[in-house]
Amino acid sequence: MAKNRFDHTEIEKKAQEKWAALDLHQTDLTDTEKDPYYLMFEFPFPSGDLHIGHWYAFALTDIYARFLRMAGKNVLFPVGFDSFGLPAENAAMKNGQPTPEWTYAAIEKMRGQMRSMGTSVDWSKEVITSDPEYYKWTQWLFLKLFEHGLAQHREAPVKWCPKDATVLANEQVIDGKCERCGTDVEEKHLTQWFLKITDYAERLLTDLDPLPWREDIKESQRAWIGKSEGAKLKFQVVSAKDASTPNDSVAIEVFTTRPDTIFGVTYVVLAPEHPLIDTLEPVIANGEAVAEYRQTTSRKSERERSENKDKTGVLLEGVMAINPATHKEIPVYVADYVLASYGTGAVMAVPAHDERDFVFAKKFNLPIKYVIDPVTGSPQENPQDKQKIVAIVEHDNKILTIHWKPELGGRLFVGGTAEEGEDPVVTAMREIAEETGYTDLELIERAEEQVHHEYFAHSKNKAFIAHTTLLHFRLKSDAQQPTALEDNEIGKFEVEWVTREQAIKEVKDPLHLYAFNKFAMGMCYTGDGTLSNSGTFNGRDNREVMGEIVEAVGGEVTTNYRIRDWLVSRQRYWGCPIPIVYDPEGNPHAVPAEHLPWTLPTDVDSGSGKGESPLKASKELQARVEQIFGEGWTPECDTLDVFVDSSWYFLRYLDPKDEHDFSDQALMKKWLPVNRYSGGSEHTTVHLLYARFFYKALYDLGLVPTSEPFYERYNRGLVLDSEGRKMSKRWGNVVNPDDMVKLYGADAVRMYLAFMGPYNEAGHYPWKLTGVEAMRKFLDRIVTLSGRLSDEEPTENTLRALAKAADKVGTDIVRFKYNTAISALMVLVNELETLTAIPRTAYRELITMLAPFAPHVSEYLYENSLLTSSHAVNGDEESEVPKSVHQLEWPVIDESLLTTETIIMGVQVAGKRRGEVSISPEATEEEAVAAALAQPDVLKFLEGGTPSRIIYVPGRILNLIP
RNA sequence: GCUGGAGUGGUGAAAUGGUAGACACGCCUGCCUUAGGAGCAGGUCCCUUCGGGGGUGGAGGUUCAAGUCCUCUCUCCAGCACCA
């Protein structure tokens, strides 16, 4: 056990009491002297136990809060509890306690733990989402959205978790399973409340760009929004049963991002839930089979559907669709690989250029029509025409390849150039015979269109345009004739038969690969290129013709988003009651403001109600509704998703006790947006996106002052166990912070977490006990230094060391690079330890810089080494001496101390370091070279000669080129 | 598969294009000690004929100079994923 230089339990207690007595952390929001800075971490849900991850989240944000105060900012650093929701409810049920009681007991316990880590949060701003004083305003804001059509009541297929007996948001379904309990999710049809986040999709996307957030955070939000630009196209439906066109107005509307491939559409697919299937029911010949398929898929969970990538589907017999480009009739299928909830719930299938359609077409033997050829060359001036071929030859399930030396193109299929007026088939057979000796060939297929590509032949110094015919042969017998190679071909290649897999992997030439894909069932071509088989569009660039094609077939250019409206209804007890009542006809009405908060009834609890909301069983709620609204009126019995509670809590921090408004307009103007919001990666998509949406909606209603709520977003990494595994109760490897605090003190734990690695990175840091010990030893060494303080003036060296540290520590804290900040403190301490007497002012500055990291120890040292001494602060009146180390100002850096008169500068010869000179950073080139040439090593490597070139960057480097 | 991010000692990690490995952990040697899981001092990328040489996943390139910039490639992590 370490020999402790201080009793951490004692000093922590005293320091925390002192801060409370001095009321150090209460922010005066109306202060006009200092710059306001709103620093926030994600408020926790009351789990009842603070783990090391909480420490990482709260204590490290606290370092910045303490620093900002010392740097003269007016800092708002609040805390609250996200106390509604499933975790509390499940924990309470497990413990057999009423949910509210369990929740508030857990909050009380966590408050104590948070104080123990020395966080300087302002408890006077605390918000608790399950308090009626808070949720009154959640309800009020919800009704504002309802008033403006942003909260809607509608029937929809919803994700239902049978175990938790609740509806889930799309975002709470992971791989078709419930995010919380892992149960397979089912689909149900219920009337639910939705918030219209889809109206804000575009703004949520574009407003992301200027935010100074990490790219991965922005990217994951973009992925959720899922913007894709394309077109809606209509396919008229005709029925075989009644050709006299009773259905001529019926059309299937599809969404596609690839209208350029319209000529390659060989069938159309509807999602099983598509309403048009019901409309067409009378003319569908195989109605029973279709109905059965729809039944089966509806029973399948989302997970089963997407996990099984094997395509299933049923043809709608008796119904055909008209391809609007070719005017040909094509079949219509129902298949569950098409999602009802995306786009129009119907797709045009282009098997030649879409992988999913390709797989489906193969399975159902549907035609595959290629309409995009890859572009392999680049435009040339005055190209000369050239006829070429690429031939795929199959035999025995293997493909004939010519394996050229790497510099000649590597593995290719058979290619060649036609002689004057030669038929491509003849060219191909001639080339195959010449290069491989095979002659017994059968032509299977010949591509309708040639592929064109322009290139420049350096060997001939000429530009060409090649018109390549793609051909597909089968070998009838493997008899070989002698080959007839040209001299320059001999020994340059091997003839090899390879499997399809190997061919796909090794053939790199895009044109050859394309020919192979086209004929030999490799895959479809999803890239760009020029159109073929596409009528008047042939030869055009596919990206260019999109708009024209959409117009030509009477379609409409549109943008589609993957994000769905936010489903906020929950069939749970422990949530904010939805302030809506229904009249006897079942129409929803807002609960008038005077009845808010619309309180959660107390005569029911979690677990009441089977498969429906527990509130349904509340007599109290029903009686209340009838008393206020009259006979026949009923309450809304669902509660709000907890993400609604957490979408605006940062507004309430500004005015947590306000009974007349959700927050204070003047304070919001002054304090918003939040300067820095620190949190975990688990909340970077859902919570952040919802909060941004909610805030934007309030902005449009004139209720908040800006359009984005959070200026900076910082995501912390993850603390793992010493083996690098995730901490979990199941593994039994959870580090209990309380034990660590008992052993080493809160400051050592804080500092270790800060020192592990950069905070704002997606890093994973192992928890090492030796690391905590090291921090404790470091603090012990600082305490030891206090034993030899003196009142001498610090030397210039000491002053420089202090200035350097203050500069580095300050800038690193701002960037949350606590690891390098602490290392700068260590460098400083290492230096001070070499002194026999420590100047008091220097020590005071060290303690000042240590204070944000180790608030208790710093407070202790401040009191014992400085304040109690008559030499505390020269000349200052007792009353002017700050009572706490945390009231000191961050050291002001004397810039002149950061630049030194002489530095050690590296000297390179021909880019390699050959020596160093001690020189002024302002030295002239002549001086620097003269100093360098005095170095024997430098002279040696210059081999006596004078440098032919000199690169001199003052203060950085001198590089001499012989 | 797509999109983003990242690859540096035994470990966590440093490094405005300018001395790679700061600061620590661990390990090694020595001192002190009845003892060490305390403290102190020193050492710790690799090779070396002791002159040097090599080294930041790999291969090229730009530059006087590359961990850092560019191209290709491999690996890992994260998000999305039957999204048309």
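Just so it is clear, the model here is predicted, and its values are computed rather than measured. Numbered from 1 within each chain, the chains take letters A, B, ... in sequence-line order.
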Worksheet entry | Axial cation check for A:Y337 ring with A:K311, 6.0 Å and 45° limits | yes

Worksheet item: Near RNA chain B, under 4.0 Å by heavy atom, which residues of residues 801-819 of chain A?
Response: A:K817, A:N819

Fill in: Whole-angstrom distance between B:C28 and B:C45, as gauged at atom C1'
16 Å

Item to complete: Would you indicate what A:D357 reaches in the nucleic acid, counting non-hydrogen atoms under 4.0 angstrom: base, sugar-phosphate, or nothing?
Response: nothing

Worksheet item: Does the A:N733 side chain pair with the main chain of A:D721, one donor and one acceptor, at a distance under 3.5 Å?
Response: no

Worksheet item: How far does the C1' atom of B:C31 sit from the matching atom of B:A20, given to the nearest Å?
Response: 33 Å

Worksheet item: Reckon A:F255 touches a base, only the sugar-phosphate, or nothing at all at heavy-atom distances under 4.0 Å?
Response: base

Discussion item. Is the positively charged end of A:R776 above the ring of A:F6, judged by distance under 6.0 angstrom from the centroid and angle within 45° of the axis?
Written reply: yes

Worksheet item: Should we say atom NZ of A:K234 is surrounded by more than 12 heavy atoms from elsewhere, each under 6.0 Å from it?
Response: no

Practice prompt. Have a look at A:Q908 and say if it touches a base, only the backbone sugar-phosphate, or nothing, with a 4.0 Å heavy-atom cut-off.
Written response: base

Worksheet item: Nearest to the side chain of A:F755 - B:U19, B:G26, B:C23?
Response: B:C23

Worksheet item: Any chance the side chains of A:D565 and A:T198 put a donor and an acceptor closer than 3.5 Å?
Response: yes

Item to complete: Report yes or no: is there a donor-acceptor pair, N or O only, under 3.5 Å between the side chain of A:E761 and the base of B:G5?
Response: no

Worksheet item: With rounding to whole Å, what would you report as the distance between B:U11 and B:C82 at their P atoms?
Response: 38 Å

Fill in: B:U63 and B:G51, which share atom name P, separated by this distance in whole Å
36 Å

Discussion item. Give the residues of residues 265-273 of chain A touching RNA chain B, defined as any heavy atom closer than 4.0 Å, sorted by residue number.
Written reply: none

Fill in: Spacing of A:T685 atom OG1 and A:I225 atom CD1 [to the nearest 0.5 Å]
10.5 Å

